[in-house]
Amino acid sequence: MTIYISQGRYTSAAIRGMSAKPEDRSEAVAELFAAAGGQLIGWYLTLGHYDWLIIAEAPDEPTMISAVLAASAGGSLTDITTTVALTASDTTKAFQRAGELTRKFRSAGRADYYGVGIAPGEA
């Protein structure tokens, strides 16, 4: 499964409600991901621009998007951003593939074509 990192903010109303009646949101988030076919790895309250951060696994982007949309539908979350996170092994594979593709791609404004120099006037 793919790992995703999501961050977001609580609305003022959500903060007022949770301040009046504190609750462990990781339980609800874990249940949501399980119902969607994924798994919550971690839930954190954070300082700074975002109020919370989750790390979750999901089989694909539509599953992750569905869970995020369901969570935000309640109206207590805003400014949600989600990032795909690759393991070290997947990162190595991505860089290997990038190296292969680099040899087949000519960058804009470059005189070399697919890693082979082109004499002036031939481009």
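Remember, predicted model here, so these are calculated numbers, not experimental data.
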Given side-chain contact (heavy atoms from CB on, under 4.5 Å), test Ile5 with Leu53 step by step and report yes or no. CA-CA 7 Å; Ile5 300 168; Leu53 175 142; 4.0 Å; yes
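- Closest heavy-atom contact between Ala67 and Ala36: CB-CB, 4.2 Å.
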Criterion side-chain contact (heavy atoms from CB on, under 4.5 Å) on Val29 and Leu32, from CA distance to verdict: CA-CA 5 Å; Val29 175; Leu32 173 64; 5.5 Å; no
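- The list of side-chain hydrogen bond (donor to acceptor under 3.5 Å, both in side chains) pairs with a residue in residues 41-59, not counting sequence neighbours, is empty.
- Residues passing the side chain to side chain donor-acceptor pair (under 3.5 Å) test with Ser76, sequence neighbours excluded: none.
- Residues Met1 and Asp60 are not in side-chain contact: their nearest non-hydrogen atoms beyond the backbone lie 4.5 Å or more apart.
- The shortest distance between side-chain heavy atoms of Arg9 and Leu77 does not fall below 4.5 Å.
- Panel note: side chain Thr102, backbone Ala98; a donor-acceptor pair is recorded below 3.5 Å.
- Between the OG1 atom in Thr2 and the CE atom in Met64 there is a gap of 10.5 Å [rounded to 0.5 Å].
- No continuous path of ILVMFWY side-chain contacts below 4.5 Å connects Ile3 to Leu86, so the two sit in separate hydrophobic clusters.
- One hydrophobic cluster holds both Ile15 and Leu45 under the rule that ILVMFWY side chains link at heavy-atom gaps under 4.5 Å.
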side-chain contact (heavy atoms from CB on, under 4.5 Å) between Thr82 and Val68: does it pass, once the steps are laid out? CA-CA 9 Å; Thr82 300; Val68 169; 4.0 Å; yes
Could you go step by step and tell me if Arg25 and Glu23 meet the salt bridge (charged side-chain N to carboxylate O under 4.0 Å, His left out) rule? CA-CA 6 Å; Arg25 294 304 303 157; Glu23 60 181 294; 2.8 Å; yes
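- Tracing side-chain contacts under 4.5 Å through hydrophobic residues (I, L, V, M, F, W, Y), one never reaches Ile65 starting from Leu40; they form parts of separate clusters.
- With values rounded to the nearest 0.5 angstrom, Arg97 atom CZ is found 15.0 Å from Asp90 atom CG.
- The same ILVMFWY cluster, assembled from side-chain heavy atoms under 4.5 Å apart, contains both Phe33 and Ile80.
- Put simply, CG on Asp24 and CD on Glu27 are 4.5 Å apart, with the number rounded to the nearest 0.5 Å.
- Counting heavy atoms from C-beta outward, Thr83 and Tyr4 have side chains that stay 4.5 Å or more apart.
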